[in-house]
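Step one of this worksheet: look at the structure below.
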2 protein chains.
Amino acid sequence: MTNEQLAQRLRDHDMRPTKQRLAIAAHLFDGTDKHVSAESVYTTLKQAGIHLSIGTVYNSLRHFADAGLLRAVPGLGDHLTYDTNIGAHHHLLDVDTGEIIDIPALSQPVTSADLPQGYELEAVEITYKVKRTS
Amino acid sequence: MTNEQLAQRLRDHDMRPTKQRLAIAAHLFDGTDKHVSAESVYTTLKQAGIHLSIGTVYNSLRHFADAGLLRAVPGLGDHLTYDTNIGAHHHLLDVDTGEIIDIPALSQPVTSADLPQGYELEAVEITYKVKRTS
DNA sequence: GTGTTTGCAAAGTGTTTGCAATTTA
DNA sequence: TAAATTGCAAACACTTTGCAAACAC
């Protein structure tokens with residue numbers, strides 16, 4: 001995705017395409033799905049020679065999520081995780097390693113037989129986020 | 001549940017039945033399923049005239065959950081929620097009010113039609129907690 | 001120019017930890 | 001009396017906020 005495409009994507013969501021946001025967006029939307037935290041984005045960019053203040057990273061990710069460009073996924077670790085895959089899918093969390101694996105949204109509940117080989121099911125957390133119909 | 005029954009329940013899980021833990025347990029296991037936080041337990045007991053240090057409440061709830069007497073459920077608010085219902089069930093979270101409603105574990109994925117009347121589905125979070133088979 | 005965003009540091013929230021005093025077995 | 005637990009305050013990790021300077025439209 002070109003810089004101009006990223007900028008347009010931000011404008012489409014009523015966000016000004018600042019240098020900082022473009023740097024974050026370039027990392028997030030590089031074509032591969034990612035699970036990130038503010039800290040991981042900050043570190044990744046720093047290693048690429050791009051310095052942003054950590055506060056800006058926190059604020060930007062929150063805005064991206066509010067704008068619908070990211071999906072916030074709590075409960076995958078000690079921090080708020082953002083998922084660049086905003087389509088319908090769910091998460092496998094390795095409770096020992098913290099590793100997160102995407103799985104497609106199935107029409108049947110997952111059983112141990114549906115897991116990637118070498119994994120066993122420990123627990124399932126399902127939260128349906130609802131609103132009162134107005 | 002009598003005090004002695006509560007004490008036995010704690011002993012069965014290798015926890016010494018201290019006055020503080022018994023007070024917490026009496027509140028938690030009063031026959032109705034509950035979603036609590038350290039703060040809510042602390043406040044409830046205080047209002048009942050029972051003072052415990054907030055640190056003790058945090059530690060006790062953590063121990064209860066480690067022992068399998070409670071289920072820790074992240075992502076239901078800004079804090080860690082503990083559920084006294086440790087059976088298979090899932091949660092409806094009203095994103096506007098923060099209200100949490102238990103729903104049974106179904107053999108089919110939930111659709112809007114399965115929700116209590118007056119609610120619409122906003123999003124679904126499913127996390128399968130897995131372990132590597134050893 | 002006007003309103004938005006940034007950087008930085010400070011404040012805030014929820015939770016854990018260290019340690020002496022107390023309690024349980 | 002040995003080991004576990006408490007209370008309290010301090011420490012902690014993560015995240016948000018306040019405000020002046022910089023930037024986008």
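- Separating the CG atom of A:Asn59 from the C1' atom of C:dA9 is a distance of 13 Å, rounded to the nearest angstrom.
- If you take CZ of B:Arg21 and P of D:dG7, they are 11 Å apart, rounded to a whole angstrom.
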Kindly list each side-chain donor-acceptor pair under 3.5 angstrom involving residues 119-127 of chain B, sequence neighbours excluded, with atom names and distances?
| from | atom 1 | to | atom 2 | distance (Å) |
| --- | --- | --- | --- | --- |
| B:Tyr119 | OH | A:Arg132 | NH2 | 2.9 |
| B:Tyr119 | OH | B:Glu99 | OE1 | 3.4 |
| B:Glu125 | OE1 | A:Arg71 | NH2 | 3.2 |

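- The phosphate of D:dT15 (OP1 or OP2) has a side-chain N or O of A:Tyr58 nearer than 4.0 angstrom.
- Considering only side-chain N and O atoms, B:His51 lies under 4.0 angstrom from the phosphate OP1 or OP2 of D:dC8.
- Between B:Arg62 and C:dT16 there is a side-chain polar atom (N or O) within less than 4.0 angstrom of OP1 or OP2.
- Under a 4.5 Å side-chain heavy-atom criterion applied to ILVMFWY residues, the cluster that includes B:Leu69 comprises B:Met1, B:Leu6, B:Leu10, B:Met15, B:Leu22, B:Ile24, B:Leu28, B:Phe29, B:Val36, B:Val41, B:Tyr42, B:Leu45, B:Ile50, B:Leu52, B:Ile54, B:Val57, B:Tyr58, B:Leu61, B:Phe64, B:Leu70, B:Leu80, B:Tyr82 as well.
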Between the protein and nucleotides 21-25 of chain D, list every N/O to N/O distance that falls short of 3.5 Å.
| from | atom 1 | to | atom 2 | distance (Å) |
| --- | --- | --- | --- | --- |
| D:dA24 | N3 | A:Arg16 | NH1 | 3.4 |

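- Put simply, CG on B:Leu76 is 15 Å from P on C:dG14, counting in whole angstrom units.
- Looking only at side-chain heavy atoms (C-beta outward), B:Pro116 and A:Val130 stay at 4.5 Å or farther from each other.
- Among the heavy atoms of the strands, none lies under 4.0 Å from A:Ile54.
- Side-chain atoms of A:Ser53 lie closest to C:dC8 of the nucleotides C:dC8, C:dT6, D:dT6.
- Regarding A:Tyr42, its OH atom lies at a distance of 15 Å from the P atom of D:dT15, rounded to whole Å.
- Distance CG (B:Leu61) to P (D:dT5): 15 Å, rounded to an integer number of Å.
- Of all nucleotides present, only C:dG1 satisfies the Watson-Crick or G-U wobble test against D:dC25, with each distance under 3.5 Å.
- In this structure, B:His79 places its NE2 atom 20 Å from P of C:dG12, rounding to the nearest Å.
- As rounded to whole Å, 14 Å separates atom C1' of C:dT22 from atom CG of B:Leu52.
- Nucleotide D:dT5 has C:dA21 as its partner under the Watson-Crick or G-U criteria, with both atom distances under 3.5 Å.
- Here the rule is side-chain hydrogen bond (donor to acceptor under 3.5 Å, both in side chains) with A:His35, and of A:Asp83, A:Asn85, A:Thr81 only A:Asp83 fits it.
- Among the heavy atoms of the strands, none lies under 4.0 Å from B:His63.
- Contact of the B:Thr18 side chain with the B:Gln20 side chain is registered, since non-hydrogen atoms from C-beta on lie closer than 4.5 Å.
- Under 4.0 angstrom from either OP1 or OP2 of C:dG7 there lies at least one side-chain N or O belonging to A:Thr56.
- Looking at heavy-atom distances under 4.0 Å, B:Asp78 makes contact with sugar-phosphate atoms alone, never a base.
- Nucleotide D:dC12 holds its C1' atom 14 Å from the CD atom of A:Glu39, rounded to whole Å.
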